[in-house]
2 protein chains.
Amino acid sequence: MKNLTSYLTLNFSFSPSEMEQLLGCFALRTLKKKDYYLKEGQYCKSVGFIEKGNFIYYQIVNGEEKICDFAFENDWVTHYKSLLGNLPSEISIKALENAELYILNLDKIELLSETLPKVNAIRTTLAEQYFTKSTQRATSLTNLDAKARYQALLKEIPFIHQRVPQYYIASYLGIKPQSLSRIRAMK
Amino acid sequence: MKNLTSYLTLNFSFSPSEMEQLLGCFALRTLKKKDYYLKEGQYCKSVGFIEKGNFIYYQIVNGEEKICDFAFENDWVTHYKSLLGNLPSEISIKALENAELYILNLDKIELLSETLPKVNAIRTTLAEQYFTKSTQRATSLTNLDAKARYQALLKEIPFIHQRVPQYYIASYLGIKPQSLSRIRAMK
DNA sequence: CTTTTATGTTCACCTATGTGAATAAATGGC
DNA sequence: GCCATTTATTCACATAGGTGAACATAAAAG
């Protein structure tokens, strides 16, 4: 729980005993490459903290996997709308590498909110993070051309080419793999 | 408070006395056409319920107003990220018509959460609504062409042309006014 | 190691949207 | 009701990105 512990320590101010209580509510879940954290149609009932590995969020549209998000170590993984609204998920979340998640179930979150109100700070952070990510993506899609979006993504996630196939990157950027190749070739 | 009262009655289950307590926390704010609910750089400290009127959310990019959202009667208006994270807003929210808002200040929300925990359902609805809107916009920008995005918008907000100038609609769709004209002419 | 499959590149051509200008129509102020 | 301003349309041309194919390379499977 190395990453999780330091993430919580760095970003929130829990006392040692609170931290112990909190960590006790997480359960380890290991996923193999290509395993799903969540499949379209399922109800998302937990949030996961990525201790190791990475994930794509995607939707199938006309038979194509349309990538709408990436997540790496120290990110949270969940489908926010499904979790909040108790709705079936429209998206799937798949591991691209063997992964380790620390899972916090929704019922535990509710319980913790009562006994340890500070965890609400985590909920707020999560909401803010998800909201920010999706609005930034929309903003970037309307205000920048494909090359500029690619450069912004590289700046945000410099190691992305080491961990995500290029056609997934293209999909996230809203272009075809050939177009991303062309953009890269132009330099 | 006609719209606010029926919105709360329809979507949540407050008792008459809870409703009274809740409504008592809102304050009326009237805005003239072109007035701002929030300006870029300000800290958003409230949510507003639109009793009457409409609003655009926008950012200035290269001197252009880039529209990222619309809001009408029975919508909530706030900058979610600024509100949650206590951050200066990157966007401005402007009335396009004379408007009436019922304002709920952040401190009142916090207080209510304690005395009337049911209001958390409103907070959750807000989070879900904002998250859904922005992810849908990003999805539509990557998966649909401009014509299909326009048709989807018309379906979602059929009266939009009666209440929003067309160049704002074009901006929201991520295209130039001339392109929207062309799309409309093609039928 | 060899074969198969997955991924990335390049190319020629096509299409949707951008650009800038001219014009028309609608709206608001007086 | 008239003029100024704002908003919408149309056009000719430019450009970014899509399409489908061929090929190249890398990775996985046997």
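All values below come from the heavy atoms of this structure, side chains included, with hydrogens, waters and symmetry mates left out.
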Nearest whole Å is fine: how far is [N] [atom2] from [X] [atom1]?
X      : N      : atom1 : atom2 : result
A/Y167 : C/dT9  : OH    : P     : 14 Å
A/L173 : D/dG17 : CG    : P     : 10 Å
B/K176 : C/dT17 : NZ    : C1'   : 10 Å
B/D145 : C/dT17 : CG    : C1'   : 10 Å
B/I175 : C/dT19 : CD1   : C1'   : 14 Å
B/E65  : D/dT6  : CD    : C1'   : 13 Å
B/L180 : C/dA16 : CG    : P     : 16 Å
A/I169 : C/dG8  : CD1   : P     : 8 Å

Does [X] make a side-chain N or O approach to OP1 or OP2 of [N] shorter than 4.0 Å?
X      : N      : result
B/Q166 : D/dT6  : no
A/S179 : D/dG18 : yes
B/R184 : D/dT9  : yes

| message | Under 4.0 Å, heavy atoms only, any strand: does B/P165 hit a base, just the sugar-phosphate, or nothing? | response | sugar-phosphate

| request: Using the ring of B/Y150 (Phe, Tyr or Trp, six-membered ring only), decide whether B/K147 places NZ or CZ under 6.0 Å from its centre and within 45 degrees of its axis. | output: no

| For B/F70, is the NZ or CZ atom of B/R163 found under 6.0 angstrom from the centre of its six-membered ring and inside 45 degrees of the ring axis? | no

Side-chain H-bond candidate by donor/acceptor type, [X] with [Y], under 3.5 Å:
X     : Y     : value
A/K45 : A/N86 : yes
A/R29 : A/S46 : no
B/S89 : B/S82 : no

| Ring centers of A/F131, B/F131 separated by less than 6.0 Å | no

| request: Step through it carefully: locate the ring centre of B/W76, locate the ring centre of B/Y102, and say whether they are under 6.0 Å apart. | output: no

Pairs under 3.5 Å (N/O, protein and nucleotides 20-30 of chain C):
residue: C/dG20; atom: N7; partner: B/Q178; partner atom: NE2; Å: 3.4

| field | Minimum-distance nucleotide to B/S181 side chain [options: D/dT9, C/dG18, C/dA12] | value | D/dT9

| Is there a donor on the side chain of B/R182 or the base of C/dG18 sitting less than 3.5 Å from an acceptor on the other? | yes

